[in-house]
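Written out below as structure tokens is the structure these notes cover.
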Amino acid sequence: MFQILIADDEPNIREGVRQFITRRCPEWQVVGAARDGKEALEMAERFLPDCIMTDITMPHVNGLEFLEKIKEELPDAKLLILSGYDDFEYAVQGMRLGVSDYLLKPLDTELLIQRLDAFAEELTQRQQQWQDRVEQMQQRLDQEQKIRELMWRASAGELASEEMKELQQFCIGSDRYLAALFQGGPEIRQELPALLNQRFEKKLDAYVLNHSVEGMSFIVFSIHREVTNAAAALLLTRELTAVVVAIRRKWNQTVHFFLGGIKDNIYKLEKSGHEAKEAAKYSFYEMAPPVRTISDVLLTRVTACPEIDPHLTEQVAQAVAGGDAETIAGAVDGVLSWFYPHGVVDAAYIKMAVLDMCLSVLKKRRGQNPITYVEYKACHQEIMEAGTLEELQECFKNLLLLYRAAEEKKNPGQELVSRIDEIMGEHLSDLQFSLDDVAAELYISPNYLRQLFKQASGQTFTEHLTEMRMKEAQRLLDDESLKIYEVAERTGYADSRYFSVCYKKYWHITPTDYRRTLQESG
């Protein structure tokens with residue numbers, strides 16, 4: 001049953017039309033009979049009728065104004081004007097508002113029945129079309145979900161022959177496949193299918209699978225038969241680069257696509273997926289182009305890379321021999337800044353070059369307490385697993401700092417402990433002071449600093465900081481002009497009671513008792 005709203009300022013017409021429609025038009029239900037345009041607007045917003053029948057001349061808001069206001073909220077509603085004025089201008093305005101018909105008073109009831117029957121038929125067809133569209137969309141979504149699952153299993157080498165036939169029926173018109181990885185944020189991945197499919201003009205179909213590989217989205221492209229491999233490769237590079245630019249404009253994020261090779265059989269999709277992972281593995285995001293293919297990676301392997309400037313190796317060796325942490329960090333930055341301007345972008349080559357440089361430096365210092373094999377092995381693994389240049393820079397620097405510590409002729413790490421004591425002394429009153437703050441000042445990672453400090457001093461950072469604070473507290477307590485709470489604050493304790501507990505635990509006497517012993521002995 002469809003709903004109709006009547007609006008007329010004449011009570012007898014309003015009630016007469018309502019009763020007539022109720023008796024003679026079983027497909028229609030009168031949900032409201034408004035006395036003026038204002039009331040009609042309120043009812044329309046509340047009931048959302050399928051059809052609105054209104055007079056033109058009404059108080060407060062006339063019929064045309066009412067229709068203009070409600071048209072935006074009910075764009076599909078059928079609009080019917082009932083008026084005592086046979087005015088062409090009114091008819092023109094009604095047409096502009098999308099009015100379906102214009103009936104004159106006195107009302108021709110048979111004509112009204114014809115119009116409402118026609119409206120009902122049209123609305124019925126529209127509902128059926130909408131339902132068909134919803135079902136088609138659901139079928140398409142179910143089919144795409146099935147395709148994505150089959151393609152994921154194909155990329156993992158788990159597809160049975162019957163499932164392969166099923167997948168090939170889904171991908172009718174395509175006979176080659178390519179796997180890719182997408183590195184980008186989750187909010188972008190939601191819109192990625194639409195971004196991809198609108199770019200390829202039905203020459204390729206893109207399926208963003210409901211799986212990820214090493215934190216990146218997995219994509220399969222099926223290539224239509226009429227597109228050659230060369231044309232597909234060019235199309236993918238060009239259009240995916242355009243997608244990267246569009247993403248940068250909309251989300252202000254830099255993203256990357258890593259592509260495997262084109263395969264002529266769905267069973268070979270696993271190989272293409274492996275190649276896509278290789279393209280990502282041998283790339284640092286900071287150096288990678290928007291679209292990097294397995295062919296790019298293979299090309300860098302057969303192309304001779306230039307030798308690293310020997311002066312850079314010498315600078316690193318000098319920094320390890322006599323420089324501080326800041327000097328070593330500068331030498332590391334100089335090395336990693338050399339590769340990209342010289343056309344070296346292969347991540348594997350850069351990592352191996354860094355390790356070769358480290359070994360070269362180590363050999364020069366072999367007689368001076370070199371680091372242990374276990375320490376070198378741990379740093380080697382961190383370097384090889386670095387995913388970005390920033391991570392590689394941190395690992396490289398940490399390994400050189402280990403070299404530097406091993407070369408100290410005195411007690412290894414004693415110089416570092418002295419520097420840490422100096423920094424601690426400057427921040428004893430800082431309540432939030434921590435090892436992270438020391439690491440930041442020394443340009444060392446917190447984990448590495450924690451390990452090195454324990455090795456050199458035999459204490460944890462917290463133990464050493466507590467010892468320094470307690471010794472300083474005892475010195476300050478000798479000054480009787482200072483209140484105990486002031487001593488606590490100057491040594492990094494906000495709560496004087498907690499300070500007293502810590503003081504007694506360390507010195508086996510409370511601050512008050514210590515003061516009393518000073519007074520008695522004085």
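By convention here, the first residue in the shown sequence is residue 1.
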Within a reach of under 6.0 Å around CZ of F47, are more than 12 heavy atoms found that belong to other residues, nucleotides or ligands?
-> yes

Write out all pairs satisfying ring pair (Phe, Tyr, Trp, His ring centres under 6.0 Å) with one or both partners inside residues 221-244, taking only residues at least two apart or from two chains.
-> F200-F221

Side-chain donor/acceptor of K351 to backbone N/O of M384, under 3.5 Å = yes

For D205 and S222, indicate whether the former's side chain and the latter's backbone hold a donor-acceptor pair under 3.5 Å.
-> no

Nearest non-hydrogen partners of A179 and S272, listed with the distance | N-OG, 2.8 Å

Anything under 30° is parallel, anything over 60° is perpendicular, the rest tilted; go ahead and classify H464 against F453.
-> perpendicular

State whether E191 and K250 are salt-bridged, where the test is any N-O pair (Lys NZ or Arg NE/NH1/NH2 against Asp/Glu carboxylate O) under 4.0 Å.
-> yes

Parallel, tilted or perpendicular, as decided by the 30° and 60° cut-offs, for the rings of F182 and F257 | tilted

Donor-acceptor under 3.5 Å (R199 side chain, A242 main chain) | no

Under 3.5 Å, is there a donor-acceptor pair between the side chain of R292 and the main chain of A276?
-> no

Candidates L236, V243, T241 - the one meeting side chain to side chain contact (heavy atoms under 4.5 Å, CB included) with V291 | T241

State whether the number of non-hydrogen atoms from other residues, nucleotides or ligands found under 6.0 Å of K203 atom NZ is greater than 12.
-> no

Shortest non-hydrogen separation from L435 to P446 and the atoms involved | CD2-O, 3.5 Å

Identify whether the distance between the nearest side-chain nitrogen and carboxylate oxygen of K397 and E394 falls below 4.0 Å.
-> yes

Would you mind checking if R153 and E270 are paired as a salt bridge, meaning a charged N to carboxylate O distance below 4.0 Å?
-> no

Listed partners of W251 passing side chain to side chain donor-acceptor pair (under 3.5 Å), at least two apart | none

Under a 4.0 Å N-O cut-off, is there an ion pair linking K78 with E122?
-> yes

Of all residues at least two apart in sequence or in a different chain, which pass the side chain to side chain donor-acceptor pair (under 3.5 Å) check with Q253?
-> E187

Under 3.5 Å, side chain of N197 to main-chain N/O of P193, donor-acceptor pair present?
-> yes

With under 30° as parallel and over 60° as perpendicular, where do the rings of F339 and Y349 fit, or are they tilted in between?
-> perpendicular

